[in-house]
Amino acid sequence: MSRPLTPKSDPAAKSMPNQDLDAMLAGALRKSSKAQATAPEAEPAEPLGPKRCGYIAIVGKPNVGKSTLLNALVGQKVSITSSKAQTTRHRITGLRTLGATQFVFVDTPGFQTRHGNALNRSLNKTVLGAVTDVDLIVFVVEAGNFHSADAKVLELLPKNIPVILLANKLDMVHRRAELAPWLAEMQQRHPFAEFVPMSAKSAKDVQRFYAICEKYLPEQDWMHDADDLTDRSERFMAAEMVREKLFRLTGDELPYTSTVIIDKFEEEGKLRRIAATIVVERDGHKGMVIGDKGEKLKRIGTEARQELEKLWGGKVFLELWVKVRSGWADDDARVRSFGYE
């Protein structure tokens, strides 16, 4: 397990009075609270004033809450979540139009440093591509913590794009005054445009975050319709939802390299007929997914189907199969054929 990093020594920071450190934290919290009063309405409204629109990349190491944050900002699940690292494998775009502003949030895979296979090279390439052509970067860390994996992500961020340090999971910090010296350390690491302590699970925190991001977006026409939530297809969402249930119901038993391929996607009015294959790397993994008398596979399919019916508001017929493809995650051609960039 990685330990919190200690930044290079800075005599000024060490000698800073406690009351000044506390004031830094109080100022960040006060600034964030002030934004809540000017935040756009929670529901789309007739645009007032010039339109704004821009890309906001959400980056960070695995399992810091990036996908949970994206879903909260969009107001609906568009990015899957689980406790397994590297659940997010694609650049997921979530859209929210509030007042005159359209926010185009880009969720990215957690930057992977532990494994260098073809799959992880593809995921890291996605992260690098996402941070080079946006208007704002949101660097997500756990409040009060900074590890070597966080540092590697921070090193990737371009110097010419403003970066907000989002200290997530604030609800897990019991003594918030202790964040002040941590904030002083973080300011030594990067010239962050702003420091935002919040919890992605708090509706009030999410609401005020819109106003914080809004001022960094350029004045220009919207890129999408006002009621769009994502630019990803229903076929893509079906594969992602099955993969989420796969990871959630198998826990740490199943390697993260397992994936899902959509073999058939047909629409008949509001009815969708979907056939999908779960790809694993070993015969033993296939047994884990199928379970005793097929019960695990049946539950994966049932929960994925229910989630998709809720998402689309229509009936879904879902068939699942499990196949073994040894070594696919370390085969560049196979990784590309499975839809990874």
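Not measured: the values here are computed from a predicted model.
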- Item | Nearest atoms (heavy-atom pairs only) where K270 meets G313 | CD-O, 4.0 Å

- Message: Under 4.0 Å between a side-chain nitrogen and a carboxylate oxygen: does that hold for D150 and K61?
- Response: yes

- Item | Charged N-O contact under 4.0 Å between R248 and E244 | yes

- Non-hydrogen atoms of L318 and A304 that approach each other most closely: CD2-CB, 3.9 Å

- Query: Considering only heavy atoms from C-beta outward, does the side chain of K152 approach that of H147 to under 4.5 Å?
  - Reply: no

- From the list I262, I261, T277, L320, side chain to side chain contact (heavy atoms under 4.5 Å, CB included) partner of V242 resolves to L320

- Item | Contact summary for L308 and A238, nearest pair of heavy atoms | CD2-CA, 3.9 Å

- Item | Inter-residue atom distance D221.CG - M223.CE, 0.5 Å rounding | 10.0 Å

- Message: What I'd like to find out is whether the side chain of I161 reaches to under 4.5 Å of the side chain of V134, using heavy atoms alone.
- Response: yes

- Item | Criterion salt bridge (Lys or Arg N to Asp or Glu O under 4.0 Å) on K245 and E240, from CA distance to verdict | CA-CA 9 Å; K245 304 312 176 187; E240 288 289 273; over 6 Å; no

- Item | OG1-CZ distance between T230 and F105, expressed to the nearest 0.5 angstrom | 13.0 Å

- For K264, does the NZ atom have more than 12 heavy-atom neighbours from other residues, nucleotides or ligands under 6.0 Å away? yes

- Are there more than 12 heavy atoms of other residues, nucleotides or ligands under 6.0 Å from atom CE of M172? no

- In E267, E319, E268, the residue satisfying side chain to side chain donor-acceptor pair (under 3.5 Å) with R273 is E268

- Message: Less than 4.0 angstrom from a charged side-chain N to a carboxylate O is my criterion; do E309 and R305 meet it?
- Response: yes

- Note on the structure: Closest non-hydrogen contact found for Y210 with L73 is OH-O, 2.6 Å

- Message: I want to check something: taking the side chain as every heavy atom from C-beta on, are Q187 and H190 in contact at a cut-off of under 4.5 Å?
- Response: no

- Answer whether the closest heavy-atom distance between the side chains of I290 and E295 falls below 4.5 Å. no

- Task: List the steps, then state whether side chain to side chain contact (heavy atoms under 4.5 Å, CB included) holds for F139 with I164.
- Result: CA-CA 6 Å; F139 176 48; I164 289 177; over 6 Å; no

- Are any of the side-chain nitrogens in E194 or K215 under 4.0 Å away from the carboxylate oxygens of its partner? yes

- Task: Check step by step if salt bridge (Lys or Arg N to Asp or Glu O under 4.0 Å) holds for R189 and E185.
- Result: CA-CA 7 Å; R189 295 185 178 278; E185 293 177 357; 5.8 Å; no

- Hey, could you give me the CE/CZ distance between M241 and R243, rounded to the nearest 0.5 Å? 11.0 Å

- Query: Is E234 salt-bridged to R272, going by a charged N under 4.0 Å from an acidic O?
  - Reply: yes

- Show your working on salt bridge (Lys or Arg N to Asp or Glu O under 4.0 Å) between E214 and R52 and close with a plain yes or no. CA-CA 8 Å; E214 184 177 32; R52 289 181 179 270; 5.4 Å; no

- Note on the structure: Of all heavy-atom pairs linking K296 and L249, the shortest is NZ-O, 3.4 Å

- Would you confirm whether D205, through its side chain, and A200, through its main-chain N or O, come within 3.5 Å as a donor-acceptor pair? no

- Which distance, rounded to the nearest 0.5 Å, do you find between the CG of N168 and the NZ of K201? 9.0 Å

- Query: Is the shortest heavy-atom distance from the side chain of L229 to the side chain of L95 under 4.5 Å?
  - Reply: no

- Item | Side chain to side chain, Q102 and H224, heavy atoms closer than 4.5 Å | yes

- Query: Between L246 and V324, is there a shared hydrophobic cluster once you connect ILVMFWY residues whose side-chain heavy atoms come closer than 4.5 Å?
  - Reply: yes

- Message: With rounding to the nearest 0.5 angstrom, report the CG to CZ distance, L165 to F192.
- Response: 4.5 Å

- side chain to side chain contact (heavy atoms under 4.5 Å, CB included) between L98 and F103: does it pass, once the steps are laid out? CA-CA 8 Å; L98 300 172; F103 303 86; 4.1 Å; yes

- I137 and side chain to side chain contact (heavy atoms under 4.5 Å, CB included): which partner among I58, V106, V59? V59

- Item | side chain to side chain contact (heavy atoms under 4.5 Å, CB included) between L311 and E307, intermediate numbers included | CA-CA 6 Å; L311 179 65; E307 191 96 44; 5.8 Å; no

- Specify whether W312 and F265 have parallel, tilted or perpendicular ring planes, treating 30° as the upper limit for parallel and 60° as the lower limit for perpendicular. perpendicular

- Check whether any side-chain heavy atom of Y55 sits under 4.5 Å from a side-chain heavy atom of L217, and report yes or no. no

- 4.5 Å side-chain heavy-atom contact, M198 and L170: no

- Non-hydrogen atoms of K169 and V64 that approach each other most closely: CE-O, 3.8 Å

- Spatial distance of atom CG (L297) from atom CG (D292) [nearest 0.5 Å]: 13.0 Å

- Chi angles and distances behind the side chain to side chain contact (heavy atoms under 4.5 Å, CB included) call for L166, V141: CA-CA 6 Å; L166 191 151; V141 298; over 6 Å; no

